[in-house]
Amino acid sequence: MTKELGVGIIGCGNISTTYFSLAPLFKGLKIVACADLNMQAAEARAAEYGVKAQTIEELLADEEVDVVVNLTIPDAHFPVSKAILLSGKHVYSEKPLVLTLEQGEELRRIAKEKNLSVGCAPDTFLGGAHQLARKYIDEGGIGRVTSGACYVMSPGMEMWHPNPDFFFLPGGGPILDLGPYYIANLINLIGPVKRVGAMTSMASPTRTITSEPRNGEVIPVRTPTTIQAILEFVNGATVTLTASWDVWSHRHANMELYGTEGSLYVPDPNFFGGVVEASGRDKDIKPLDGWEHPFGIFNQESPQGPRANYRTAGLADMAMAIIEGRDARCSLDRTLHGVDVMTSILKSGDEGRFIELTTTCTQPAALGIEEAQALLK
């Protein structure tokens, strides 16, 4: 089989620059074309990165394209990914993969029929920090994981996003927008979820945009903006997850896991790097010894300082999985289980009862130093 897959991108908004700029770091990928409903947007990206600008129909028919990256808005993820599969091409989607479990099962059916692969972001759990946390758990550093707590909270998106409307409509909200990072990492660290329970609310029925160019415009809120959930894992661990856009400030850590022999402090799952800390029964919290993981090395400057950004690692791992005939770490089964977790959390909040999950998955294979280096050019 070929050692490189031709990649097409559908959706040429801001996130596309991440894929265009970081894909060249990895083996197995060659971006050859891009498309957008707005042809001018596609032409601008094509000129910037030296690829072909096409209509969506042209890209789906292009024999140079083996896998298509779906970077459309969440509400369009399902129909676009379905069209990609029906055209005979593999799919890698931005999160969330779909907005309902039924949509995901439809993609699974088509992919199986056509012997195609489906993968989905987030891939941040492949980062050096989170793989160090995985290694520490796998080696028994905190014993058996029994519980934990996760928090992702802010005042909301309308203060900086130019068009924040969809964040506050069904299919949006903090659990579907930010929850994927946390749930994917929990599956990486602990494994699949058995059942969930939640309470949900919203602080206001409307939001006032304070970003430009729509400063002062009032938009409706039609999805919960505060979600407080508890997840029971197949291995017996119970973890609380609070996701909110109704919080001005807080002092909660992003992710803490507690075990029979100690505690583990995991940095923000939205990013690849960060400091991992742990304590034993002595309660002495210390950073874990440094681990020169390729996906933890600073490679970008940000307003908050240097950071590690290796988004596209999940796409590269999927490409190499197709080439090598193995399981991709950002696989359909794990992504669909994450969708099941998130939609069941919202259903629990709406119906006031625990929800048993109907899907499951395995933990992804750990991505050690050698495995990560093997993905890089």
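Reckoned from all heavy atoms, side chains included, excluding hydrogens, waters and symmetry mates. In this text, all values refer to a predicted model and were calculated from it rather than measured experimentally.
The environment of NZ in Lys377 is crowded: more than 12 heavy-atom neighbours from other residues, nucleotides or ligands sit within 6.0 Å. Around the CD atom of Glu212, the shell of radius 6.0 Å holds more than 12 heavy atoms that belong to other residues, nucleotides or ligands. Counting heavy atoms of neighbouring residues, nucleotides and ligands inside a 6.0 Å radius, atom CG of Leu376 exceeds 12 of them.
Looking at Leu101 and His337, their side chains never come closer than 4.5 Å, going by heavy atoms from C-beta outward.
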**Report entry** Glu106/Phe78 under side chain to side chain contact (heavy atoms under 4.5 Å, CB included): CA gap, chis, key distance, verdict
**Finding:** CA-CA 9 Å; Glu106 174 75 356; Phe78 169 66; 3.8 Å; yes
Requested in this report: Output, in order, the C-alpha distance, side-chain angles, deciding distance and verdict of side chain to side chain contact (heavy atoms under 4.5 Å, CB included) for Thr55 and Glu58.
Outcome: CA-CA 5 Å; Thr55 66; Glu58 288 170 342; 3.1 Å; yes
Requested in this report: Might you work through the side chain to side chain contact (heavy atoms under 4.5 Å, CB included) test for Leu59 and Ile10, ending with a clear yes or no?
Outcome: CA-CA 8 Å; Leu59 188 147; Ile10 296 180; 4.2 Å; yes
Query raised in the report: Can you list the steps and then say if His77 with Asn70 is a side chain to side chain contact (heavy atoms under 4.5 Å, CB included)?
Result: CA-CA 7 Å; His77 282 182; Asn70 182 357; 4.1 Å; yes
Query - Residue pair Arg195, Ser344: steps toward the side chain to side chain donor-acceptor pair (under 3.5 Å) verdict - result: CA-CA 8 Å; Arg195 64 172 180 159; Ser344 294; over 6 Å; no
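Tyr265 and Asn254 share no donor-acceptor pair across their side chains, judged by distance under 3.5 Å alone. Between the side chains of Ser16 and Arg45, at least one donor-acceptor pair of N or O atoms lies under 3.5 Å.
The side-chain hydrogen bond (donor to acceptor under 3.5 Å, both in side chains) pairs that include a residue from residues 157-172 are Glu158-Arg207, Asn163-Arg214, Asp165-Arg214, where partners are two or more places apart or lie in different chains.
Distance check: Asp66 CG to Ser117 OG gives 11.5 Å after rounding to the nearest 0.5 Å.
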